[in-house]
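Residue numbers begin at 1 in each chain, while the letters A, B, ... track the order of the sequences. Given the structure is predicted, the values throughout are model-derived calculations rather than measurements.
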Amino acid sequence: MSQQGPVRTRFAPSPTGWLHIGGARTALYSFLLARQAGGQFILRIEDTDRKRYVPGSEEDLMEGLRWLGLEWDEGPDKGGPYGPYRQSERKALYRRYAEELVARGHAYYCFCTPERLARLREEQRRRKLPPRYDGLCRRLDPEEARRRVEAGESHVIRFKAPREGTVTAHDLIRGDITVANKDIDDYILLKSDGYPTYHLAVVVDDHLMKITHVLRGAEWLGTFPLHVHLYRAFGWPEPIWVHLSTFLKPSGKGKISKRDADIFRKDHKSVLIRDLREFGYLPEAVNNWMALMGWSYDDRTEFFTLDDLIEKFSLERLKPSPAAVNFSKLDHFNGLHIRALAPEELARRLVPFFQKAGYSVTPEDLLPLIPIIQTRLTTLEDGPQLAGFFFQEDIEHPEQDLIGDKMDAASSYQALSKVYQRLEALDPWTTETIEQVLRGLVEELGLKPRQLFGIVRVAVTGRRVSPPLFETMALLGKERCLRWMKQALAALERLQAPASPS
RNA sequence: GCCCCCAUCGUCUAAGUGGUUAGGACACGGGCCUUUCAAGCCCGCGGUCGGGGUUCGAGUCCCCGUGGGGGCACCA
């Protein structure tokens, strides 16, 4: 362990887009680690590139994290002892640290223009050389460089990477990673606009904020040794480094592109947290799903609540290999967590989805339906689709569907009118009495249950697929059942005697 | 072109320091239940990337291939 004190982790996104499962999973693990150790989870916004700032993304990040239940202890909106937590508000700080590195001989001023650097890279590309800074300004006399800086000349500060030897960086899940120093470029630490690059900012802030475990995506593995160099140049103790595996597209072939993401969305699948929320996924399910991509508890346990995860998560069981996202597994987890919800809670969560579909309902309206729809939902979005007719004054009857299995319009009409007569006289109107009547009629009419119930189902719901029939009818009420059956009978009548052309 | 990482069923994964028929989940196929659709239960299909080593013994350790991923910006 390189640092002592409480466990402190952070999620440090840049506000350049919407929160996606890659970032959210990093946040989740970081949150879990802090919570289980009784430490702090920090949110830090890395907005040092003003050109790439996407308005609204910071809000999206926070809303997404809160929706998932990953509340932070310190962050831009709530402050904390090591603030500010937005890098653009810490700008002055970075220059000081960059200058310190120059003073210690670990960095230098560079006056090369972007144009010269572009030409240099082009030249190197042509000669099939690795693109790298050629060290022109590294050879400048420090005194002269300082004079030029003081004269106001545009410049950056670069890291003076050692030219010989190797560095060994230790990643918790991969072990030691050793690279030759000659393969490390003289990275820019401070840009000409005075903002730091990621490399400087992340090191300075993680140190100042006393971060003990750095969890981040595997895309940082390449510059990981540079960061280790920086810690050593500053003389700071390193945090524990954990580079999380990347996510691949469902086929396992390649990472997820913007185009892939658009294709998923058409099918109401998405890698964006805001979409998953909108598409009717539960935060519980999303967390469960994300947690298991790259981590496992044992050889059988798969259902986890956030509290379970706080208790059971461990860095030791993280995997280094990339994982393909599996949306059918998300569906599976969503069904599991929907079924685990208390009826009142499910009713409450379903409300916005019914409202969006045009049904103005309250949780109380929905509650009686829960017992018959809970096992039938994959997403909350399925709610109105499955049970919207409960809140309609009228329904449509697809006429052909009113004809029973292996029957014709005439016999279906006969059967349904019999049902109508008996139910009209039924009192009281309950699941049990309805079932009694209908089962009696099955017998009496010599039909199969599926034939008669099928006809009635379409008559009273307008659909071939519905929640269980008797419960549905009881909930619908006698008046609507009779009215809709009457309409169905009229439709069957029309089918028997097709209107002759007039 | 250079550097780094990874490798068990289609997919997510288990098999602490090498030791039985490589286990579970999703998906898929079949069955049970059954008024539809689900849920639930049962059964099945299916895997250690290839080649060399080390060893009595390799999914597990080493090397080489191959495949995949990431990086090589005054972006993060």
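- A cation-pi arrangement is absent between A:K269 and A:F264 under the rule of less than 6.0 angstrom and at most 45 degrees off the ring axis.
- Between A:F453 and A:F470, the distance from one ring center to the other falls under 6.0 angstrom.
- With B:G70, B:C2, B:C75 as the choices, the nucleotide that has an atom nearest any side-chain atom of A:E219 turns out to be B:G70.
- Of the P atoms belonging to B:G47 and B:U54, the separation is 29 Å, rounded to the nearest Å.
- Stacking of A:R148 on the aromatic ring of A:F111 is recorded, both the 6.0 Å distance cut-off and the 45° axial limit being met.
- In the interface, the side chain of A:R174 is not paired with the base of B:C5 through any donor and acceptor atom under 3.5 Å apart.
- For A:L117, the listed nucleotide lying nearest its side chain is B:C74; candidates were B:A14, B:C74, B:U35.
- Contact annotation: A:R125 side-chain N/O to B:C2 OP1/OP2 distance is not under 4.0 Å.
- Taking the side chain of A:P131 as heavy atoms from C-beta on, and the options B:C72, B:C75, B:C4, the nearest nucleotide is B:C72.
- One finds no side-chain N or O of A:K319 lying less than 4.0 angstrom from the OP1 or OP2 phosphate oxygen of B:A7.
- Residue A:P449 has its side chain nearest to B:U35 when only B:C74, B:A38, B:U35 are considered.
- Two residues, A:K182 and A:K191, neighbour RNA chain B, and the one matched to the more 5' nucleotide by heavy-atom proximity is A:K182.
- The 12-atom threshold is not exceeded at CD of A:E396, counting heavy atoms of other residues, nucleotides or ligands nearer than 6.0 Å.
- The side chain of A:P468 lies closest to B:U35 when the candidates are B:U35, B:C4, B:C72.
- The shortest distance between the side-chain N/O atoms of A:K51 and the OP1/OP2 oxygens of B:C75 is below 4.0 Å.
- Between A:Y281 and A:W289, the distance from one ring center to the other does not fall under 6.0 angstrom.
- Remark: the A:S192 side chain and the B:C74 base include a donor-acceptor N/O pair separated by less than 3.5 Å.
- Residue A:P322 places its side chain closer to B:C6 than to any other of B:G1, B:A76, B:C6.
- An OP1 or OP2 oxygen of B:U36 is reached within less than 4.0 angstrom by no side-chain nitrogen or oxygen of A:S466.
- In the model, A:Q87 has a side-chain atom that pairs as donor or acceptor with a side-chain atom of A:D205 under 3.5 Å.
- As the counterpart of B:G65, B:C49 is assigned, both hydrogen-bonding distances of the Watson-Crick or G-U wobble pattern falling under 3.5 Å.
- Regarding contacts with the backbone of B:U35, a side-chain N or O of A:R439 is found under 4.0 angstrom from either OP1 or OP2.
- For A:R464, no side-chain nitrogen or oxygen approaches OP1 or OP2 of B:U36 to under 4.0 Å.
- The base of B:A25 sits with one of its N or O atoms less than 3.5 Å from a complementary donor or acceptor on the side chain of A:K329.
- With a cut-off of 3.5 Å on both Watson-Crick or G-U wobble distances, the partner of B:C2 is given as B:G71.
- Under the Watson-Crick or G-U wobble criterion, with both distances below 3.5 Å, B:A38 has no partner in any strand shown.
- On the C1' atoms, B:U55 is 25 Å away from B:A14, given to the nearest whole Å.
- For B:A76, its base never sits under 3.5 Å from the side chain of A:S14 at any donor and acceptor pair.
- Taking the centre and axis of the six-membered ring of A:F389, the NZ or CZ atom of A:R463 falls outside the cone set by 45° and 6.0 Å.
- Regarding contacts with the backbone of B:G1, every side-chain N or O of A:R132 stays at 4.0 angstrom or more from both OP1 and OP2.
- A donor and an acceptor atom sit less than 3.5 Å apart, one in the side chain of A:R457 and one in the base of B:U35.
- Contacts of A:G335 with the nucleic acid, taken as non-hydrogen atoms under 4.0 Å apart, are absent.
- Using a 4.0 Å cut-off, some side-chain N or O of A:R121 falls inside it from OP1 or OP2 of B:C74.
- Comparing the same atom, C1', in B:C45 and in B:G30 gives a spacing of 10 Å after rounding to whole Å.
- In this structure, B:G57 forms no base pair with any nucleotide, since neither Watson-Crick nor G-U wobble geometry is met with both distances under 3.5 Å.
- Comparing B:C74, B:C2, B:U36 by their nearest atom to the side chain of A:I188 picks out B:C74.
- Of the listed nucleotides (B:A38, B:C4, B:A76), B:A38 has the atom at the smallest distance from the side chain of A:T375.
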